[in-house]
S.K.: 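Here it is: the structure, laid out below.
Below, all heavy atoms of this structure are taken into account, side chains as well, without hydrogens, waters or symmetry copies.
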Amino acid sequence: MSVEALSLTPDLGRLHEIAAVLTRHGLGDLVHRLGLAESLARAGHAVHLDHVADLAQLAPPVQVRLAMEELGPTFVKLGQILAGRTDLFDPQWIGEFEKLHSHVPPVPYESLSAQVREDLGGDPHEVFARFDTTPLAAASIAQVHAAQLYDGTEVVVKIRRPGIAERIEADLRLLQWLAAQAEMHLDSLRPLRPQRLVREFARSLRRELDLSTECRNAERIAANVADLDWVVIPRAHWTCTRVRINVQDRLVGVPGDRLDLLTPENGFDRALLARRGASGMLRMMLRDGLFHADPHPGNIFYLEGNRIGLIDFGMIGRLGARRREELITLLLGLAECRPPEVAEVLLGWVDGDRVVEVAQLEDEIEEFVERYHDTPLGQLSLGRIMHEVASLMRAHQLSLPSDLALLIKAFISLEGIGRALDPNYNMAAELMPLLRRMARERYRPQALAARGGQALRRTLGMIEKLPNDLANLMRQARAGHLKVGLDLMHLKRVGNQIDRAANRLSMALVIAALIIGSSIVMTVGGGPMLLGLPAFGLLGFLTAVAGGVWLLRAISRSGRKDYPDDH
């Protein structure tokens with residue numbers, strides 16, 4: 001999709017707004033390198049560069065963070081997701097992304113009332129015994145109101161902001177286009193895989209827009225931890241839950257950011273809360289493979305009886321059985337100083353089209369693991385270790401799978417919460433017994449038999465399909481339809497360079513023909529005169545000069561683009 005094509009849609013106005021905000025925050029060079037300013041100018045939207053001197057003095061991470069905050073919910077959510085990608089961004093970028101917050105006022109209830117009545121099938125004051133029109137909290141996608149059911153149950157009603165889905169969809173279309181432009185024009189951003197990042201972000205954000213998905217996520221996790229009576233997850237009320245609204249039990253307790261209230265006088269044991277929170281989350285991650293992906297203090301309540309309540313399951317992480325086994329191997333290899341196992345797991349996460357210096361990576365992994373050899377368990381910081389794993393991947397321009405990026409973010413948040421509750425808390429001491437128990441379970445006869453049965457079924461299925469596959473292959477070969485696909489690195493780029501060279505050669509031939517033809521016309525008498533010279537000959541020379549200037553400029557720009565390190 002080109003900017004010119006966007007001129008026929010309402011997205012062009014938003015693209016102009018994005019370019020203007022980036023420019024205003026000192027990122028005008030990025031706007032020009034992406035070709036936005038020139039393309040928008042051709043579509044009749046000029047981007048002005050006024051009043052950017054002060055912001056241009058800020059560090060690039062700060063400029064980007066301020067621009068994201070001004071651009072609104074979609075970009076703020078993107079920054080919050082990127083805050084967990086320590087494998088892609090340096091610490092200064094991560095620090096700025098972590099500061100991103102949506103500074104959005106609540107929507108007046110009068111603006112929500114028609115949507116709420118449509119979703120509930122009636123006036124909320126009739127559906128609920130009590131409904132508070134003043135919101136408890138407001139976020140970029142939805143806001144929360146308190147209510148009470150007729151049976152006396154206290155609930156919260158989460159209502160999606162009107163028009164937010166359409167705004168986010170427009171932003172996602174533009175982000176996908178901008179990501180394609182970035183991969184095409186900015187070599188420094190290509191290793192980050194912008195298009196893949198935006199695709200993953202779009203899937204996550206679209207799930208979050210469906211408020212009924214949050215309730216389904218909560219129910220699945222509640223079923224997994226049903227035997228842990230100290231983990232409380234709000235119950236969903238499906239009769240009132242839709243895509244744009246959900247209703248859940250209200251948790252009444254100490255908010256996660258009011259640790260000063262967690263005193264023995266109030267009946268709380270902070271060390272016990274730290275251990276329980278860690279063991280519950282680690283079990284979700286490593287045993288169940290379904291976990292709360294955003295366990296920050298705002299999503300946690302501490303309840304009487306030293307119970308822990310979790311809310312807001314719009315963003316969850318999923319780990320398949322194979323990924324959990326890899327993670328267990330990795331963490332045990334780090335803790336028990338087994339570099340080959342760590343290297344094998346990390347290399348298994350590398351994209352197939354990435355060229356990796358395997359020997360160098362293995363040496364760095366061995367050095368990294370050796371640093372923690374003989375370190376007492378109580379002094380290990382899993383958050384710091386996972387940070388270093390991500391930094392190692394980033395140094396080799398490798399990216400973690402998105403599910404593991406979410407896991408590392410949750411790990412780091414979890415360890416921070418545990419240490420805030422109890423300065424002596426150590427997540428490694430909580431994790432290692434669980435890892436060893438799960439590692440032993442992998443080799444129990446029942447587990448081995450189950451994996452063997454799965455492998456046998458897959459093998460038999462392949463054998464069963466083999467005759468048909470061979471017959472199809474032979475039919476295609478006899479008919480001359482057999483195709484072999486070769487993916488040659490940089491072949492497309494070489495083809496583009498050949499096309500450009502051919503175009504320039506053609507232009508040079510046209511210019512030479514103009515010069516020769518104009519010279520002949522100059523020697524022929526008669527015809528109109530201009531400045532004392534034959535007009536047609538003079539126009540031919542001027543056209544040849546203009547073409548020559550264009551050709552020289554194109555060759556010069558191409559040289560700078562193709563060999564940026566030489567300039």
S.K.: Identify the heavy atoms of S140 and R161 that sit nearest to each other, and give their distance.
M.R.: O-CD, 3.2 Å

S.K.: Can you check whether I308 reaches Y302 side chain to side chain, under 4.5 Å on heavy atoms?
M.R.: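 In short, these two side chains touch, coming nearer than 4.5 Å.
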
S.K.: Count the heavy atoms of every other residue, nucleotide or ligand shown that sit under 6.0 Å from CD of E304, and state whether that count exceeds 12.
M.R.: no

S.K.: According to ring pair (Phe, Tyr, Trp, His ring centres under 6.0 Å), who are the partners of F313, at least two apart in sequence or on a separate chain?
M.R.: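 Ring pair (Phe, Tyr, Trp, His ring centres under 6.0 Å) list for F313, sorted by chain: H292.
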
S.K.: Salt bridge between E208 and R160, side-chain N to carboxylate O under 4.0 Å?
M.R.: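 Here E208 does not pair with R160 in a salt bridge, since their nearest N and O are not under 4.0 Å apart.
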
S.K.: Does the pair D249/R235 count as a salt bridge with the N-to-O cut at 4.0 Å?
M.R.: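 Counted as a salt bridge, because a side-chain N and a carboxylate O are separated by less than 4.0 Å.
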
S.K.: Below 30° counts as parallel, above 60° as perpendicular, anything between as tilted: where do the rings of Y109 and F131 land?
M.R.: tilted

S.K.: Closest approach of I311 and G298, non-hydrogen atoms and distance?
M.R.: CD1-O, 3.9 Å

S.K.: I would like to know whether T263 and F268 meet side chain to side chain contact (heavy atoms under 4.5 Å, CB included); could you show each step before the answer?
M.R.: CA-CA 5 Å; T263 62; F268 290 103; 5.9 Å; no

S.K.: Only one of Q63, E70, R65 clears side chain to side chain donor-acceptor pair (under 3.5 Å) with H25; which?
M.R.: E70

S.K.: Can you tell if the side chain of L120 reaches within under 4.5 Å of the side chain of F128, non-hydrogen atoms only?
M.R.: yes

S.K.: Whether the T134 and D132 side chains hold a donor-acceptor pair (N or O, under 3.5 Å, no angle test) is what I'd like checked.
M.R.: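 Note: T134 and D132 side chains miss the donor-acceptor criterion.
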
S.K.: What distance do M315 atom CE and E214 atom CD have between them, rounded to the nearest 0.5 Å?
M.R.: 11.5 Å

S.K.: State, to 0.1 Å, how close V127 and C240 come at their nearest heavy-atom pair, and which atoms those are.
M.R.: CG1-SG, 4.0 Å

S.K.: Measuring only between side-chain heavy atoms, which start at C-beta, is L327 closer than 4.5 Å to R323?
M.R.: no

S.K.: Rounded at 0.5 Å granularity, tell me how far CG in L414 sits from CE in M284.
M.R.: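 Here the rounded value is 10.0 Å.
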
S.K.: To the nearest 0.5 angstrom, please state how far the CZ atom of R318 sits from the CZ atom of R324.
M.R.: 13.0 Å

S.K.: Is a side-chain donor or acceptor of R14 paired with a backbone partner of A170 at a separation under 3.5 angstrom?
M.R.: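 Checked: no pair found.
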
S.K.: Do side-chain atoms of R270 reach the backbone of L421 as a donor and acceptor pair under 3.5 angstrom?
M.R.: yes

S.K.: Just verifying a value: how many Å separate R275 CZ and D269 CG, rounded to the nearest 0.5 Å?
M.R.: 6.5 Å

S.K.: With a 4.5 Å limit on heavy-atom distance, are the side chains of L82 and L197 in contact?
M.R.: yes

S.K.: Taking the side chain as every heavy atom from C-beta outward, state whether F291 and L319 have any pair of such atoms under 4.5 Å apart.
M.R.: yes

S.K.: So, are K99 and E96 salt-bridged, with charged N and O less than 4.0 Å apart?
M.R.: yes

S.K.: Output, in order, the C-alpha distance, side-chain angles, deciding distance and verdict of side chain to side chain contact (heavy atoms under 4.5 Å, CB included) for L211 and R244.
M.R.: CA-CA 6 Å; L211 300 188; R244 297 184 300 186; 5.6 Å; no

S.K.: If you take all heavy atoms of H145 and L112, which pair is closest and at what distance?
M.R.: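 That closest heavy-atom pairing would be NE2-CD1, 4.0 Å.
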
S.K.: Considering only heavy atoms from C-beta outward, does the side chain of E341 approach that of L332 to under 4.5 Å?
M.R.: no

S.K.: Answer yes when E415 and R419 have at least one side-chain N-carboxylate O distance shorter than 4.0 Å, and no when they do not.
M.R.: yes

S.K.: CG of L262 to CG of L272: how many Å apart, nearest 0.5 Å?
M.R.: 11.5 Å

S.K.: Below 4.0 angstrom, N of the basic side chain to O of the carboxylate: do K77 and D171 qualify?
M.R.: no

S.K.: Can you confirm if the aromatic rings of F89 and F97 lie within a centre distance of less than 6.0 Å?
M.R.: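 Distance test on ring centres: under 6.0 Å, yes.
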
S.K.: Are any side-chain N or O atoms of R283 and backbone N or O atoms of N224, one a donor and one an acceptor, separated by less than 3.5 Å?
M.R.: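 Yes; judged by distance alone, with no hydrogens or angles, the pair exists.
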
S.K.: Under the side chain to side chain contact (heavy atoms under 4.5 Å, CB included) rule, what do D288 and I221 come out as? Steps first, then yes or no, please.
M.R.: CA-CA 9 Å; D288 304 328; I221 291 180; over 6 Å; no

S.K.: Taking the side chain as C-beta and beyond, is there a heavy-atom pair between R216 and W238 under 4.5 Å?
M.R.: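 Heavy-atom side-chain distance check passes, below 4.5 Å.
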
S.K.: What closest approach, in Å, do G305 and R276 show between heavy atoms, and which atom pair accounts for it?
M.R.: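 Looking at all heavy atoms of both residues, the closest pair is O-NH1, 3.5 Å.
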
S.K.: So does E169 get a backbone contact from the side chain of R206, meaning a donor-acceptor N/O pair under 3.5 Å?
M.R.: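 Between the backbone of E169 and the side chain of R206 there is no qualifying donor-acceptor contact (under 3.5 Å).
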
S.K.: Are any of the side-chain heavy atoms of I81 and E200 separated by less than 4.5 Å?
M.R.: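 No; the side chains remain at least 4.5 Å from each other.
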
S.K.: Give a yes-or-no answer on whether the side chains of S204 and R207 include a donor-acceptor pair shorter than 3.5 Å.
M.R.: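 There is no such pair (donor and acceptor under 3.5 Å, judged by atom type) between the side chains of S204 and R207.
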
S.K.: Are any of the side-chain nitrogens in D119 or R242 under 4.0 Å away from the carboxylate oxygens of its partner?
M.R.: no

S.K.: F301: what forms a ring pair (Phe, Tyr, Trp, His ring centres under 6.0 Å) with it, not counting sequence neighbours?
M.R.: none

S.K.: Under the salt bridge (charged side-chain N to carboxylate O under 4.0 Å, His left out) rule, what do E126 and R117 come out as? Steps first, then yes or no, please.
M.R.: CA-CA 10 Å; E126 297 174 357; R117 283 197 301 272; over 6 Å; no

S.K.: With the threshold set at 4.0 Å, does a side-chain nitrogen-carboxylate oxygen contact exist between E325 and R322?
M.R.: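 Looking at R322 together with E325, the answer is no, because their closest N to O distance does not fall below 4.0 Å.
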
S.K.: For atom CD of E344, decide whether the heavy atoms of other residues, nucleotides or ligands shown that lie under 6.0 angstrom number more than 12.
M.R.: no

S.K.: Are any side-chain N or O atoms of Q248 and backbone N or O atoms of C215, one a donor and one an acceptor, separated by less than 3.5 Å?
M.R.: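 Between the backbone of C215 and the side chain of Q248 there is no qualifying donor-acceptor contact (under 3.5 Å).
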
S.K.: Within the distance-only criterion (no hydrogens, no angle test), does the side chain of D257 pair as donor or acceptor with the backbone N or O of P297 below 3.5 angstrom?
M.R.: no

S.K.: For I316 and L406, which heavy atoms make the closest approach, and how far apart are they?
M.R.: O-CD1, 4.0 Å

S.K.: Quick one: CG on L100 to CZ on F75, what's the gap to the nearest 0.5 Å?
M.R.: 12.0 Å

S.K.: Please check if the number of heavy atoms outside Q92 that lie under 6.0 Å from its CD is greater than 12.
M.R.: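 Above 12, so yes.
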
